[in-house]
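One structure is given below, encoded as structure tokens.
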Amino acid sequence: MSKIDIRYPDDTRKSFEKGLAAGEILASWKKDAVKDAVAARLNDRLIDLSSPVTENGTIDAVNVNTPEGVGVLRHSISHVMAEAVQELFPNVKVTIGPSIEDGFYYDFDYESTFTPEDLKKIEERMAEIAAKDAPFTRREVSREEAVELFKKKGEPYKVELINDLPADVKTVSLYTQGDFTDLCRGPHIPATGKIKAFKLLNVAGAYWRGDEHNKMLQRIYGTGFATPKEMAEYFVFIEEAKRRDHRRLGKELDLFQINEEVGPGLIIWHPKGAMLRTIIEDWERKEHFKRGYDIVLGPQILRDHMWIRSGHMDHYKESMYFTEVEKEGYGIKPMNCLSHMMIYKSKIRSYRDLPLRYFELGTVHRHEKTGVLHGLTRVRQFTQDDAHILCTPEQLNSEIVAIADFVKYAMGIFGFEYEVELSTRPSNSIGSDRDWEMATAALEESLKGNRMVYDINEGDGAFYGPKIDFKLKDALKRKWQCATIQCDFALPERFDLHYIGADGEKHRPVMLHRVILGSIERFIGVLIEHYAGAFPVWLAPVQAILVTVTDSQIPYGEEVYRKLLDIGVRVEKDFKNEKLGHKIREAQLQKIPYMLVIGDKEVASGTISPRQRDGKNLGAMTVDALVDLIRGKCSRYE
RNA sequence: GCCGAUGUAGCUCAGCUGGUAGAGCAGCUGAUUCGUAAUCAGCAGGUCUGGGGUUCGAAUCCCCACAUCGGCUCCA
């Protein structure tokens with residue numbers, strides 16, 4: 001037997017007989033190294049604790065309290081769920097079951113449907129399997145052997161998966177626990193006894209291999225944790241997230257409604273929501289002027305031939321609404337770019353004019369499929385903080401960098417963290433290969449030049465060009481695209497845009513489509529959840545509310561009210577015949593930043609006593625002092 | 001669009017196996033005039049999402065539509 005040399009994370013080294021199990025190698029390093037371990041990492045590869053180690057390298061334990069470790073645990077729980085499901089429902093066909101953020105799922109093909117009672121039964125069966133402490137065992141077989149095995153078991157999906165593996169894959173690995181064997185890369189926990197806390201959450205439809213042309217399977221979602229305590233904490237988080245849900249807060253704070261009678265995906269902004277939106281839009285206009293944008297406005301409907309020329313008719317028709325005016329077909333705009341290009345085309349442009357930056361708070365309509373609508377974040381009519389920048393190819397990079405800076409600044413203002421993705425050419429696209437390469441390279445170089453961290457999203461670009469997407473997360477960690485920068489060589493070509501260069505010749509400009517907040521509706525949705533409805537003073541639709549202790553202070557209260565309104569403070573009054581505690585509570589539930597208490601003392605001294613939303617009492621102060629306080633909190637945003 | 005669940009007063013929700021609808025909060029009226037998260041009493045409020053059907057009788061059972069919720073696909 002030959003020897004292997006092993007290095008541990010603390011740089012101690014040992015040598016072992018080749019083929020010793022990873023778990024044993026770890027155990028001989030530190031006594032408790034495998035106590036919380038669910039797998040091992042050998043040279044950056046995850047393996048089972050029971051896997052024989054046959055090569056030199058660095059080894060470490062993967063503990064269940066790490067993100068990777070809990071992923072292994074959840075993946076193993078999904079196998080246990082599949083075992084339980086097959087025992088309870090023998091004609092179910094298994095497909096795939098990975099771990100995901102916060103849990104796991106497994107997709108099954110089953111002619112009937114799983115009910116909540118079924119989930120309960122499955123859960124009980126899983127607990128029994130866990131109690132058995134059955135070991136997970138791995139074996140490698142040839143792909144032919146695996147195909148035979150799954151054919152015999154009557155598992156066509158598994159057979160399809162194996163058959164679709166690349167030709168150079170000669171063997172596959174199988175994992176067995178109890179009587180259940182699954183095609184799986186692994187690794188897995190040593191035995192089902194490691195499963196201490198799990199819960200099945202819900203059933204949902206999911207297409208086989210994520211393709212809507214394929215059969216719809218039934219996906220069971222669940223979650224699992226190292227300990228019941230961690231799982232309890234997770235459910236507390238879920239409850240908190242539900243309290244932050246913008247659809248709930250939108251109702252409670254009286255910001256907006258979506259009315260069935262009016263139509264799905266259409267937002268009706270109530271006074272407070274409209275105020276919030278106005279504040280954001282005013283801020284945006286100002287920020288755009290600072291950065292050299294021109295404000296423009298285009299019509300809501302444009303003749304069909306415009307959409308034919310742009311390619312929307314070929315590539316976007318099913319998402320558009322159409323209408324007819326005097327027998328002439330019109331398309332309701334789903335994007336703002338066409339009008340902006342017509343502005344560009346309205347006269348001859350010189351290279352000296354570029355870049356031109358046209359900004360519009362443009363309202364667009366998109367016919368979203370019914371199942372995708374979601375509060376403010378996925379709607380059928382929305383307003384974009386849209387701009388189109390027409391520039392020379394040489395100016396592209398600095399313009400993209402400037403936009404990325406703008407995004408960074410804006411997200412800083414609202415306190416958002418975000419992720420960046422570069423989306424490349426989709427299958428259904430217009431434009432030449434060369435233009436796509438140039439456009440993609442321009443975006444990528446700007447990201448790299450700015451040392452931004454980003455992921456690549458293959459084939460997810462717009463039909464006219466690649467894009468950089470900036471994604472924000474909502475309270476339930478769902479990601480929403482807000483800002484985006486799209487590089488477009490195709491539309492300037494289609495609309496024959498040009499400028500006169502220094503050489504006196506015509507040249508083609510490049511167009512950048514970009515939004516900073518994206519859809520204002522969506523952004524506000526995410527913003528509501530981000531602040532849990534407790535908006536900072538500069539954004540709060542109501543900044544302060546006057547509350548009287550008794551009716552006798554009403555005349556003074558009215559005086560203060562008029563003064564604050566006049567100064568421009570967004571103030572309300574609550575002079576109802578209720579006890580102070582009642583009014584404080586109502587203002588608190590409305591998350592108003594300042595409650596201005598007026599009792600006899602305040603009337604006598606010509607003051608108000610502000611109580612902050614956080615419960616802190618600021619004591620009596622003059623109205624002027626309060627105004628200074630509020631203005632101080634808003635100054636950064638003016 | 002697809003899969004599943006849900007749809008009762010302005011809001012949150014009860015309403016068992018079919019026997020003609022109930023609470024809390026909000027609203028209105030009155031009493032009370034009170035110092036930092038709910039004062040008391042009374043009143044009013046519903047074609048039980050809509051449309052068909054089964055039945056002597058439907059909020060309850062069946063079918064269809066619409067909407068919402070959770071996913072899938074798609075997407076700002």
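Quick note: numbers below take in every heavy atom, side chains included, and nothing from hydrogens, waters or symmetry partners. Order of the sequence lines fixes the chain letters, A, B, ..., with proteins taken first and strands second; residue numbering starts at 1 for each chain.
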In whole angstroms, the gap separating P of B:rC34 from CG of A:Asp551 amounts to 10 Å
A:Arg74 NZ/CZ over A:Phe225 ring centroid, <6.0 Å and within 45° of normal: yes
Can you tell which of B:rG35, B:rC69, B:rG4 lies closest to the side chain of A:Arg247? B:rC69
Given RNA chain B, 5'-ward residue of the pair A:Lys579 and A:Asp600, judged by closest heavy atom: A:Asp600
Report which part of the nucleic acid A:Gln218 touches: base, sugar-phosphate, or nothing (heavy-atom distance under 4.0 Å, all strands). nothing
Expressed as a whole number of Å, how far does the C1' atom of B:rA38 sit from that of B:rA26? 12 Å
Tell me every residue that passes side-chain hydrogen bond (donor to acceptor under 3.5 Å, both in side chains) with A:Glu155, counting only those two or more places apart in sequence or in another chain. A:Gln86
Whole-Å C1' distance, B:rG53 and B:rU68: 25 Å
Please measure how far the P atom in B:rC40 lies from the corresponding atom in B:rG71, and state the result in whole Å. 41 Å
Test A:Phe108 against A:Phe89 for ring-ring contact (aromatic ring centres under 6.0 Å, His included), laying out the working first. CA-CA 11 Å; A:Phe108 301 99; A:Phe89 309 91; 8.8 Å; no
Return the value, rounded to whole Å, for the distance between atom CD of A:Glu578 and atom P of B:rC28. 11 Å
Just how far, in rounded Å, is C1' of B:rC66 from CG of A:Asn259? 13 Å
Taking CG from A:Leu200 and C1' from B:rG4, how many angstroms apart are they, rounded to a whole number? 15 Å
Any salt bridge between A:Glu281 and A:Arg277, counting N to O under 4.0 Å? yes
Taking it one step at a time, do A:His374 and A:Trp480 satisfy ring-ring contact (aromatic ring centres under 6.0 Å, His included)? CA-CA 11 Å; A:His374 183 94; A:Trp480 295 101; 5.6 Å; yes
How does protein contact run along nucleotides 71-76 of chain B, one letter per nucleotide 5' to 3', with B for base contact, S for sugar-phosphate only, - for none, heavy atoms under 4.0 Å? BBBBBB
Determine the contact category for A:Lys601: base if any of its heavy atoms lies under 4.0 Å from a base atom, sugar-phosphate if only primed atoms, P, OP1 or OP2 are that close, otherwise nothing. base
Once you apply a heavy-atom cut-off of 4.0 Å, does A:Gly581 come out as touching a base, just sugar-phosphate, or nothing? sugar-phosphate
With the side chain of A:Val549 defined as its heavy atoms from C-beta on, choose the nearest nucleotide among B:rG35, B:rA67, B:rU33. B:rG35
What is the distance, rounded to the nearest whole Å, between atom CG of A:Asp614 and atom P of B:rA37? 12 Å
Step by step, work out the side chain to side chain donor-acceptor pair (under 3.5 Å) result for A:Arg366 and A:Gln381. CA-CA 6 Å; A:Arg366 297 185 185 176; A:Gln381 179 195 303; over 6 Å; no
Given that A:Leu217 and A:Gly265 both sit by RNA chain B, which one's nearest nucleotide is further toward the 5' end? A:Leu217
Suppose you measure atom C1' in B:rC64 against the same atom in B:rA41; what distance do you get, rounded to whole Å? 48 Å
Any A:Lys251 side-chain N or O less than 4.0 Å from OP1/OP2 of B:rU12: yes
Can you tell me how far C1' in B:rC61 sits from the matching atom in B:rG45, rounded to whole Å? 30 Å
Does the ring of A:Phe359 carry A:Arg285 above it, NZ/CZ under 6.0 angstrom from centre and within 45° of its axis? no
Find the distance A:Ile545:CD1 to B:rG35:C1' and express it as a whole number of Å. 16 Å
Is the NZ or CZ atom of A:Lys93 positioned over A:Tyr157's six-membered ring, under 6.0 angstrom from the centre and within 45° of the axis? no
Looking only at atom C1', what distance separates B:rC56 and B:rU20, rounded to whole Å? 13 Å
Is the shortest side-chain heavy-atom distance between A:Pro116 and A:Leu119 below 4.5 Å? no
What's the NZ-P distance between A:Lys215 and B:rC2, to the nearest Å? 17 Å
For RNA chain B, what string of dots and brackets results from 5' to 3' when Watson-Crick and G-U pairs need both distances under 3.5 Å, crossing pairs get [ ], and pairs with another strand get |? (((((((..((((.....[..)))).(((((.......))))).....(((((..]....))))))))))))....
Roughly how many Å apart are B:rA14 and B:rG52, using the P atom of each and rounding to a whole number? 28 Å
With a 4.0 Å cut-off on N to O distance, would you call A:Glu123 and A:Lys120 a salt bridge? no
Can you say whether the rings of A:Tyr409 and A:Trp283 are parallel (under 30°), tilted (30 to 60°) or perpendicular (over 60°)? parallel
Length of the line joining A:Asn617:CG and B:rG35:C1', which is rounded to integer Å: 9 Å
Using a cut-off of 4.0 Å on non-hydrogen atoms, how would the nucleic acid contact of A:Glu602 be classed: base, sugar-phosphate, or nothing? base
Rounding to the closest angstrom, what is the interatomic distance between B:rU8 and B:rU12 at atom P? 9 Å
Hey, does A:Thr370 reach any base, or is it just sugar-phosphate, or nothing, if we go heavy atoms under 4.0 Å? base
